[in-house]
2 protein chains.
Amino acid sequence: MTHPRVPYLKKVALFADLPEPSLLRLAEVAGLQRFSAQSYLFRQGEEPDFLYSFVEGGIVLVAGSGEKEAVVEFFGPGESVLLAAALLGLPYLVNARATTDGQALLIPAAKLRKLIDEDVALAAQCARTLSRHWRVLISQIKEIKTHSALERVANFIIAQTKKTKGAVSFALPGMKKEVATRLGITPETLSRTLRSLKKYGVDAEGDTLHISAIERIASLVETPPEAT
Amino acid sequence: MTHPRVPYLKKVALFADLPEPSLLRLAEVAGLQRFSAQSYLFRQGEEPDFLYSFVEGGIVLVAGSGEKEAVVEFFGPGESVLLAAALLGLPYLVNARATTDGQALLIPAAKLRKLIDEDVALAAQCARTLSRHWRVLISQIKEIKTHSALERVANFIIAQTKKTKGAVSFALPGMKKEVATRLGITPETLSRTLRSLKKYGVDAEGDTLHISAIERIASLVETPPEAT
DNA sequence: GCGGGTGCTTGATCTTGGTCAAGTGATGAC
DNA sequence: GTCATCACTTGACCAAGATCAAGCACCCGC
């Protein structure tokens, strides 16, 4: 009965909660696209033809094309990118490069712009998703403006896991040099910082970090018990 | 015939293009609130009761309460803040402090959340406004991560005016120390940077900047003509 | 008038993190 | 196999900008 692409749509947070009719409308215009690691899905300055929602694999949003590259954020399965550009029909501000092989649902931007004016459920859901993105970016700006390199690395580690205590291991969402610019530091500084975190139980093994006790990392960043 | 608060709603970009029925629904729940310079409209961590849209005057969004304050962005007449928190019903991530006296339209957050699920025009408009905000924040992140203090100040000056050449004068959107942290630098550094920009025709007089030729500032920031 | 608070500037000094350069290890082309 | 490339690390050095400390100018209350 239901469209073959609906199950894919269900995997994407942006669409998961939409009612059946909305899903069907989207399913009709959506297409599934494979991509391979290190390939570019789109480049800064291009006109947005699609909204990208990841079913599998991940990408990294990179600002600035030439020498000065800065990672804005990593995105993985279930997330959508560049809703903003697609909705406004303005050129992408960033590049998207795949960090792994994967597949994405592509929704034609023109169709999306049309649907959003007709479908409350979709429009409201877009607004909520964009709201979440807004908050993530605000946090990042706060972070960069008020915390040191070591604190940012610590916070990044904490953000990568849901656990608040005990041992954790996880893979970095991209190459170390990408993680570095995501944090607003150089690869060299990240390397040194990770080494200095060894004494707090952080061990790097390739692109996997082993944390012996996440609460020790958290203590680095919490305001140390103040008087007053 | 029309509600007395509709003309105020018309002044706000978020609402200006909405059809009459949507405006009326909003007008019924909106309230006008005066605020005075330096007062806090809300503080970080509070539950969002309202969406704030400025009819007159401006505010500054400040992250971090204690010692480490960092300005996230300035907002003026016609703009709306914390749509994100209001829509999601999550605590504010930032403080809002008035930079001048003014008045704001307050839309109860609960009502807004209800309306957005029923009113396509409103929902779509929220999504578009949030999209614009997203792009502004992305630009700021790029800026901080890839440009030096001098370039950031130059870009800030350029962003404050619509003109692309000739002389300009404009008032800073807040105190110098606020502008400084907005740019991710200290007040001292801003002061020194402005002085070093004197030779490029930038003159500070109180909170007003006089630029003798905006294109000279622009040339500081454009990639100097590269070979290749 | 005077005194105190505040925002801004200026100078001297320090520190963080960036830059430059060299070296290692893994990977892949041939 | 060799060689090149590339991510990453490490070390030595450097510089942009932060911090610390005065000093100035303005405003407001008294």
If you compare all heavy atoms of [X] against all heavy atoms of [Y], which two are closest, and at what distance to 0.1 Å?
X: B/K163; Y: B/A167; value: NZ-O, 3.1 Å
X: B/L150; Y: B/T193; value: CA-CG2, 3.8 Å
X: A/S39; Y: A/S36; value: OG-O, 2.6 Å
X: B/H133; Y: B/S80; value: CE1-O, 3.4 Å
X: B/V55; Y: B/K11; value: CG1-CD, 4.0 Å
X: B/I59; Y: B/A98; value: CG2-CA, 3.7 Å

What nucleic acid atoms does A/R192 come within less than 4.0 Å of, heavy atoms only: base, sugar-phosphate, or nothing?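 Since a base atom lies under 4.0 Å of A/R192, the category is base.
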Go through the steps to decide whether B/E73 and B/Q140 satisfy the test side chain to side chain contact (heavy atoms under 4.5 Å, CB included), and finish with yes or no. CA-CA 9 Å; B/E73 193 53 282; B/Q140 189 178 149; 3.9 Å; yes
Is B/K68 close enough to D/dT19 that one of its side-chain N or O atoms is under 4.0 Å from OP1 or OP2 there?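 Yes, within the criterion.
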With respect to the phosphate group of D/dA7, does any side-chain polar atom (N or O) of A/K177 fall under 4.0 Å of OP1 or OP2?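 A/K177 to D/dA7 OP1/OP2: side-chain N or O found under 4.0 Å.
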Go through D/dG17, D/dT19, D/dT10 for me and flag the one nearest to the A/R195 side chain. D/dT10
How far does the helix from C/dG1-D/dC30 to C/dC30-D/dG1 bend, going by the axes of its first and last five pairs, to the nearest 10°?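 For the helix from C/dG1-D/dC30 to C/dC30-D/dG1, the axes at opposite ends meet at about 40°.
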Mind calculating the distance between [atom1] ([X]) and [atom2] ([N]) to the nearest angstrom?
X: A/L172; N: D/dA7; atom1: CG; atom2: P; value: 15 Å
X: A/L194; N: D/dT9; atom1: CG; atom2: P; value: 7 Å
X: B/L150; N: D/dA18; atom1: CG; atom2: P; value: 13 Å
X: B/H147; N: D/dG17; atom1: NE2; atom2: P; value: 13 Å
X: A/E205; N: D/dT9; atom1: CD; atom2: C1'; value: 16 Å

Does B/L14 offer a backbone N or O that forms a donor-acceptor pair with the side chain of B/T129 under 3.5 Å? no
Donor-acceptor pair, B/T181 side chain versus B/E178 backbone, under 3.5 Å? yes
Testing the 3.5 Å rule here: is there a donor-acceptor pair between the side chains of A/E151 and A/S148? yes
Check nucleotides 27-29 of chain D against the protein and report each pair of N or O atoms closer than 3.5 Å, with its distance, or say if there are none.
none

Please check if atom OH in A/Y200 has more than 12 non-hydrogen atoms from other residues, nucleotides or ligands closer than 6.0 Å.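 Open.
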Counting only heavy atoms from other residues, nucleotides and ligands, does the tally under 6.0 Å from OH of B/Y52 exceed 12?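 More than 12 heavy atoms, drawn from other residues, nucleotides or ligands, come within 6.0 Å of this atom.
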Does anything in residues 180-191 of chain A come within less than 4.0 Å of DNA chain C? Heavy atoms only, and list the residues if so.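 Of all residues in residues 180-191 of chain A, the ones placing a heavy atom under 4.0 Å from DNA chain C are A/G184, A/I185, A/T186, A/E188, A/T189.
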Can you run down the ring pair (Phe, Tyr, Trp, His ring centres under 6.0 Å) pairs that involve residues 81-105 of chain B, sequence neighbours left out, and say none if there aren't any?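 Matches after skipping sequence neighbours: B/F42-B/Y92.
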Hey, where on DNA chain C does chain A first and last touch, going 5' to 3'? Cut-off is any atom under 4.0 Å from a heavy atom. C/dG17 to C/dC20
If the condition is side chain to side chain donor-acceptor pair (under 3.5 Å), which residues does B/R192 pass it with, not counting sequence neighbours?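 Checked B/R192 against side chain to side chain donor-acceptor pair (under 3.5 Å); zero matches.
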